[in-house]
Amino acid sequence: DAAASTRCPGTLLFMPPEALRNPAVYGKPLDIFSSGAVVLSVLTGFAPSENLLYSSRTRTIVLADGGEQEETIPERERRRDDLNRLPDDHPLKPLIVRCLANEPAHRPT
């Protein structure tokens, strides 16, 4: 199985969150996410922002009781600069945003 022989699936700037888990989760949803990132790059003419390499995928939320909770930052928020390069009325923008969903089950199939 080719997927089992690779340690990290794909290129970091095009990877979905589940690709960074240990062990990485492979499957069609991973490809859908990456395809959305590639299509966004092609349509805007720009590679994904290198800021993604240094930005966190989580943030700490302070709860009403003073406690803290880790929250996953939505990819559409992390990739805001890249998404803003594509006009809001572009017919593929809603599909790209769906492809970039953090949760694999929320991506189109």
Side-chain angles (χ1 to χ4, degrees):
D1 182 12
S5 66
T6 58
R7 184 167 229 180
C8 194
T11 304
L12 191 57
L13 291 172
F14 296 91
M15 281 183 189
E18 68 270 19
L20 300 176
R21 294 183 187 138
N22 188 10
V25 178
Y26 295 89
K28 288 180 186 176
L30 184 145
D31 293 333
I32 296 295
F33 181 99
S34 297
S35 296
V38 168
V39 169
L40 177 61
S41 181
V42 168
L43 291 175
T44 63
F46 291 90
S49 171
E50 289 193 14
N51 292 336
L52 292 172
L53 293 173
Y54 310 107
S55 68
S56 176
R57 289 183 181 258
T58 61
R59 60 182 162 214
T60 302
I61 303 296
V62 178
L63 304 172
D65 65 4
E68 295 182 346
Q69 178 179 331
E70 285 291 308
E71 174 184 80
T72 301
I73 300 170
E75 283 296 312
R76 68 180 179 282
E77 190 175 318
R78 291 184 70 240
R79 296 172 185 268
R80 181 180 300 127
D81 292 344
D82 298 326
L83 285 164
N84 284 341
R85 288 187 171 119
L86 195 61
D88 287 336
D89 62 349
H90 192 286
L92 291 178
K93 190 166 188 174
L95 177 61
I96 291 168
V97 170
R98 288 181 54 219
C99 289
L100 296 175
N102 284 51
E103 290 300 319
H106 296 154
R107 297 180 198 142
T109 55

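- Considering every non-hydrogen atom in both Leu43 and His90, the closest pair reads CD1-CE1, 3.7 Å.
- Summarising the geometry of Arg85 relative to Thr44, their closest heavy-atom pair is CB-CG2, 3.7 Å, with the distance given to 0.1 Å.
- Contact between Pro104 and Pro29 at its shortest, heavy atoms only, is CB-CB, 3.5 Å.
- Other residues, nucleotides and ligands place no more than 12 heavy atoms under 6.0 Å from the NE2 atom of His106.
- The shortest side-chain heavy-atom distance between Thr109 and Lys28 does not fall under the 4.5 Å cut-off.
- Val39 and Phe14 are assigned to two separate hydrophobic clusters, defined by single-linkage of ILVMFWY side chains at heavy-atom distances under 4.5 Å.
- Between the side chains of Gln69 and Thr60, not a single donor N or O lies within less than 3.5 Å of an accepting N or O.
- The same ILVMFWY cluster, assembled from side-chain heavy atoms under 4.5 Å apart, contains both Leu95 and Phe33.
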Would you please test Thr58 and Glu71 for side chain to side chain donor-acceptor pair (under 3.5 Å) and show each step?
CA-CA 5 Å; Thr58 61; Glu71 174 184 80; over 6 Å; no
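- Shortest non-hydrogen contact noted between Leu100 and Glu75 is O-CB, 3.2 Å.
- Summarising the geometry of Arg59 relative to Pro74, their closest heavy-atom pair is NH2-CD, 3.9 Å, with the distance given to 0.1 Å.
- Under the 4.5 Å side-chain heavy-atom criterion for Ile, Leu, Val, Met, Phe, Trp and Tyr, Ile32 and Val42 are members of distinct hydrophobic clusters.
- Of the candidates Leu92, Val97, Asp82, Leu40 forms a side chain to side chain contact (heavy atoms under 4.5 Å, CB included) with just one, namely Asp82.
- Residues Pro48 and Arg79 come closest through the heavy atom pair CB-NH1, 4.2 Å.
- To the nearest 0.5 Å, atom CG of residue Asp88 and atom NZ of residue Lys93 are 4.0 Å apart.
- Under a hydrophobic clustering in which Ile, Leu, Val, Met, Phe, Trp and Tyr are joined whenever their side-chain heavy atoms come within less than 4.5 Å, directly or via other members, Leu13 and Val38 fall into the same cluster.
- At distances below 3.5 Å, at least one donor-acceptor pair connects side-chain atoms of Arg107 with backbone N or O atoms of Asn102.
- To the nearest 0.5 Å, the span separating CD on Glu18 from CG on Leu30 amounts to 5.5 Å.
- Not a single donor-acceptor pair under 3.5 Å links the side chain of Ser41 to the backbone N or O of Ala37.
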